[in-house]
Amino acid sequence: MESFLFWFFTFGMLLGGVGVVANRNPVASALSLVISICFLAGLYLLLNAFFLAAIQIIVYAGAVMVLFLFIIMLLDLREEAKRPFRWGAFFVATVVAVLFFVALSRVSHSMKDRFMAIPSGNSDNITAIGNLLFTRYLLPFEVTSILLLVAMIGAILLSKKELK
Amino acid sequence: MDIGLQHYLVASGALFSLGLFGIIFRRNLIVVFMCLELMLNAANLTLVAFSRFTQHIDGQVFVFFTITVAAAEVAVGLALIVAIFRIKGNGKTESLKELKF
C-alpha cells in the first residue's frame, strides 16, 4: 500500500511539474504548480511529516499561489504568442537537466545500503518540532520574524507608484 | 518492493531537474519564478526524507524555515517582477539585458 501511494504521489507531483514547465498560459502553469504541491504534501504524509504537510498546503497552495495568481491577473498576462520553437535552448536545457538528474540518481543509489531499514516513525512529531523550535532553534526562529518584516517593507517599497 | 530513502531522493532529483529545465528554457519571468519554487520544494522533500530515515526531527524544522523564507522570497520577487513590468512593459527574460557584456 505504501509503495502504491508513493508511486501515485510521485507521479502526480512530476506530472504537475511538467505542467508548470510546458504550459503556455501562465494561469495554467500556476494551477499545475498547485497540483504538484498538493501531491508533494501527500509525500510528506507518507514520510510521517504531518505538520509540514499541513503547512505546505496552507502556505504554498494557499498563500503563495494566491499571490502568484493575483500578480498574473494584475499584469494581465495572456497566452504567449506562437513563436518558433527554440531548439537550441531546448537542447541545452535538456542536456543540463538530464546530466544533473543522472548525477543525483547515482549519488542517491550510493545511499541504498545505508538507510534501507525503514524505522518505525512516531506520529507525534508536532510536539517534537515545537520543542526544537523554541529551544535549539530559538534564535533562527526569532530572526525569521525580522526577515518577514524586511520582506514586507521591501514588497511595499518596490510596488510604490514611482521608484526612486 | 520496499520504498527506501533512495526512491525519495530520486523523486526529488527529478523534480529539481524539471525546475532547472524550466529555468533555462522558459522566458516568461513568472514561469521562471514558479520553476524556482519547484526546485525549492524538491530540496524540501530531500530534507524531510532524510529526517524520516535518520530519525532526526531537525530536518523538519529546517523545512519549516525554508517554507517561511520561500514565502518571504515570493513576496519580494513578485514585487520585483511588477516593478520590471512597469519599467520594461513586458515580463520576458530577454528584455533584461543591461548587464549583458
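Note that the structure is predicted; figures quoted are calculated from it, not measured. The chains referred to below are lettered A, B, ... by the order of the sequence lines, with proteins before strands, and numbering in each begins at 1.
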(request) Kindly indicate whether the side chain of B:Asn28, heavy atoms from C-beta on, has any atom under 4.5 Å from the side chain of A:Ser29. (result) no

(message) Just so I understand: if I count every heavy-atom pair under 4.5 Å between each of B:Val32, B:Leu45, B:Asn44 and chain A, which residue has the most?
(response) B:Leu45

(request) Indicate, with yes or no, if B:Met39 and A:Val18 share a hydrophobic cluster defined by side-chain heavy-atom contacts under 4.5 Å among Ile, Leu, Val, Met, Phe, Trp and Tyr. (result) yes

(message) Between A:Thr94 and A:Phe90 (side chain of the first, backbone of the second, donor and acceptor by atom type, cut-off under 3.5 Å), is there such a pair?
(response) yes

(message) Given heavy-atom pairs under 4.5 angstrom as the criterion, report whether the side chain, backbone, both or neither of B:Phe64 touches chain A.
(response) both

(request) Heavy atoms only: give me the nearest B:Arg26-A:Val21 pair and the separation to one decimal. (result) NH1-O, 2.6 Å

(message) Can a donor-acceptor pair be found, under 3.5 Å and without considering hydrogens, that links the side chain of B:Ser12 to the backbone of B:Ala43?
(response) no

(request) Please look at A:Leu40 and chain B and tell me whether the side chain, the backbone, both or neither of the residue comes under 4.5 angstrom of a heavy atom of that chain. (result) side chain

(request) Please report the shortest heavy-atom distance between B:Ile57 and A:Ala128, naming the atom on each side. (result) CG1-CB, 4.2 Å

(request) Quick one: closest heavy-atom pair of A:Ala61 and A:Cys38, and the distance? (result) CB-SG, 4.4 Å

(message) If we define contacts as heavy-atom pairs under 4.5 Å, which of B:Val69, B:Ile23, B:Val82, B:Val61 has the most with chain A?
(response) B:Val61

(request) Using a cut-off of under 4.5 Å on heavy-atom pairs, state which of A:Met13, A:Met65, A:His109 scores highest against chain B. (result) A:Met13

(message) Over 60° means perpendicular and under 30° means parallel, so tell me whether A:Phe4 and A:Phe8 are parallel, tilted or perpendicular.
(response) parallel

(message) If I measure from the heavy atoms of chain B, does A:Phe101 come under 4.5 Å with its side chain, its backbone, both, or neither?
(response) both

(request) With a 4.5 angstrom heavy-atom cut-off, could you sort out which part of A:Val20 is near chain B: side chain, backbone, both or neither? (result) both

(request) Look at A:Leu75, A:Val59, A:Leu147 and state which one has the largest set of heavy-atom pairs under 4.5 Å with chain B. (result) A:Leu75

(request) Please state whether the side chain, the backbone, both or neither of B:Leu29 comes within less than 4.5 Å of a heavy atom of chain A. (result) neither

(request) Considering non-hydrogen atoms only, spot the tightest contact between A:Ala53 and A:Ala41 and give its length. (result) CB-O, 3.6 Å

(request) Would you mind telling me which of B:Leu78, B:Leu80, B:Ile81, B:Leu38 has the largest number of heavy-atom pairs within less than 4.5 Å of chain A? (result) B:Leu78

(message) Only pairs of heavy atoms separated by less than 4.5 Å count here; which of A:Leu104, A:Thr10, A:Ile71, A:Ile37 has the most with chain B?
(response) A:Ile71

(message) Counting only non-hydrogen atoms closer than 4.5 Å, does B:Phe25 touch chain A with its backbone (N, CA, C, O), its side chain (CB onward), both, or neither?
(response) both

(request) Could you look at B:Leu20 and say if it's the side chain, the backbone, both or neither that has a heavy atom under 4.5 Å from chain A? (result) side chain

(message) Taking side chain as everything from C-beta outward and backbone as N, CA, C, O, which of these in A:Ala49 sits under 4.5 Å from a heavy atom of chain B? Side chain, backbone, both or neither.
(response) both

(message) Taking side chain as everything from C-beta outward and backbone as N, CA, C, O, which of these in A:Leu33 sits under 4.5 Å from a heavy atom of chain B? Side chain, backbone, both or neither.
(response) side chain

(request) Apply ring pair (Phe, Tyr, Trp, His ring centres under 6.0 Å) to B:Phe50 and B:Tyr8, showing your working. (result) CA-CA 9 Å; B:Phe50 269 110; B:Tyr8 287 101; over 10 Å; no

(message) If hydrophobic clusters are built from ILVMFWY residues whose side chains come within less than 4.5 Å, do A:Val102 and A:Val96 share one?
(response) no

(message) Using the rule that Ile, Leu, Val, Met, Phe, Trp and Tyr join whenever any side-chain heavy atoms are under 4.5 Å apart, tell me whether A:Val66 and A:Tyr60 fall into a single cluster.
(response) no

(message) At a 4.5 Å cut-off on heavy atoms, which part of A:Phe141 comes close to chain B: side chain, backbone, both, or neither?
(response) both

(message) Using heavy-atom distances under 4.5 Å, tell me whether A:Arg136 contacts chain B through its side chain, its backbone, both, or neither.
(response) side chain

(message) I'd like to know which of A:Phe68, A:Phe70, A:Phe100 tops the heavy-atom pair count under 4.5 Å against chain B.
(response) A:Phe68

(message) If I measure from the heavy atoms of chain B, does A:Thr144 come under 4.5 Å with its side chain, its backbone, both, or neither?
(response) side chain

(message) Between B:Glu37 and B:Glu73, does the side-chain contact (heavy atoms from CB on, under 4.5 Å) criterion hold? Intermediate values first, please.
(response) CA-CA 10 Å; B:Glu37 293 301 312; B:Glu73 170 237 336; 3.5 Å; yes

(message) For A:Ala30, which atoms come within 4.5 Å of any heavy atom of chain B: side chain, backbone, both, or neither?
(response) both

(message) Looking at chain A, which one of B:Ala72, B:Ala70, B:Gly77 has the largest number of heavy-atom pairs inside 4.5 Å, strictly under?
(response) B:Ala72

(request) Indicate if A:Ile58 and A:Leu52 have the same hydrophobic cluster label, given that clusters are the connected sets of ILVMFWY residues with side-chain heavy-atom separations under 4.5 angstrom. (result) no

(request) Taking all non-hydrogen atoms of both residues into account, name the closest pair between B:Gly59 and B:Ser51 and its distance. (result) CA-CB, 3.8 Å

(message) Need one label for A:Leu47: side chain, backbone, both or neither, based on atoms under 4.5 Å from any heavy atom in chain B.
(response) both

(message) So which residue, B:Phe16, B:Phe33, B:Phe65, ends up with the most heavy-atom pairs under 4.5 Å with chain A?
(response) B:Phe65

(request) Let me know if A:Ser105 has heavy atoms under 4.5 Å from chain B in its side chain, its backbone, both or neither. (result) both

(request) Select, from A:Ile129, A:Val98, A:Leu99, the one with the greatest count of heavy-atom pairs under 4.5 Å involving chain B. (result) A:Ile129

